[in-house]
Amino acid sequence: MGAREALGLCLAKFSGGWLLKPFTYMNASGEAVSSVCRFYKIQPEEVLAVYDDVDLSLGSMRFRMNGRPAGHNGVRSLISHLGTEEFPRLKVGIAGEQGRPAGDRMVGHVLGRFSEAEQPWCRPP
């Protein structure tokens with residue numbers, strides 16, 4: 001992906017950093033993130049990747065300074081394109097009451113809408 005395509009994203013500067021929302025699919029987000037990092041000379045350890053985690057209960061969060069993708073294809077893409085596992089990440093739990101969705105229900109759960117009962121967890125306090 002070239003710089004022109006990578007800038008097909010939402011990019012906002014704020015006090016102390018940047019907010020980047022790639023328009024790529026999550027599984028290819030490393031392409032856009034690495035292009036922006038190269039252009040603005042941002043080091044991987046300055047990136048905070050925020051993403052869903054089906055192994056965490058809905059509304060919970062877990063912060064890590066580095067690590068493996070643990071089955072998350074978007075994180076795998078970031079690691080591949082940044083060339084390192086050494087970047088911080090914030091995992092946001094999306095597991096429902098039954099826990100991690102099984103097999104063919106995974107995609108529907110991850111890409112689907114939250115139920116009415118789950119909506120309060122998705123709104124700011």
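Scope of the values below: all heavy atoms of this structure, side chains included, with no hydrogens, waters or symmetry mates.
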Rounded to the nearest 0.5 Å, the CZ atom of Phe87 sits from the CG atom of Leu82 at a distance of 6.0 Å
So salt bridge (Lys or Arg N to Asp or Glu O under 4.0 Å) across residues 39-51, not counting sequence neighbours, yields none
For this session: Check the hydrophobic clustering (I, L, V, M, F, W, Y; side-chain heavy atoms under 4.5 Å; chains of links allowed) and say if Phe63 and Leu58 are grouped together.
Result: no
All heavy atoms of Pro44 vs all of Thr84, minimum pair found to be CB-CG2, 3.6 Å
>> Hydrophobic clustering (ILVMFWY, side-chain heavy atoms < 4.5 Å, transitive) - are Ile94 and Leu90 grouped together?
In response: no
Distance col, row Asp52:CG vs His72:NE2, nearest 0.5 angstrom, shows 4.0 Å
- Message: Could you check whether any side-chain heavy atom of Leu48 comes within less than 4.5 Å of a side-chain heavy atom of Pro88, counting everything from C-beta outward?
- Response: yes
Check your understanding: With distance as the sole test, does Ser35 use its side chain to make a donor-acceptor pair with the main-chain N or O of Glu31 at under 3.5 Å?
Key -> yes
- [ ] Please answer: with hydrophobic residues joined when any side-chain heavy atoms are less than 4.5 Å apart, are Tyr25 and Val75 in the same cluster?
- [x] no
Margin query: For the residue pair Asn66 / Glu85, report whether a side-chain donor-acceptor contact shorter than 3.5 Å exists.
Written below: no
Practice prompt. Answer yes if Met26 and Leu56 sit in the same cluster of Ile, Leu, Val, Met, Phe, Trp and Tyr residues linked by side chain heavy atoms under 4.5 Å apart, and no otherwise.
Written response: no
Heavy-atom closest pair (Pro69 atom, Ile79 atom, distance to 0.1 Å) is CD-CD1, 3.7 Å
Closest non-hydrogen contact found for Val54 with Ala95 is O-CB, 3.2 Å
In terms of heavy-atom contacts, Asp55 and Asp53 come closest through N-OD1, 2.7 Å
- prompt: Are Val50 and Leu20 connected in a single hydrophobic cluster, I mean Ile/Leu/Val/Met/Phe/Trp/Tyr linked by side-chain heavy atoms less than 4.5 Å apart?
  reply: no
### Message
Using only atom types and a distance under 3.5 Å, with no angle test, would you say the side chain of Arg89 pairs donor to acceptor with the backbone of Gly67?
### Response
yes
Shortest non-hydrogen pair, Gly30 vs Ser77, comes out as N-OG, 2.9 Å
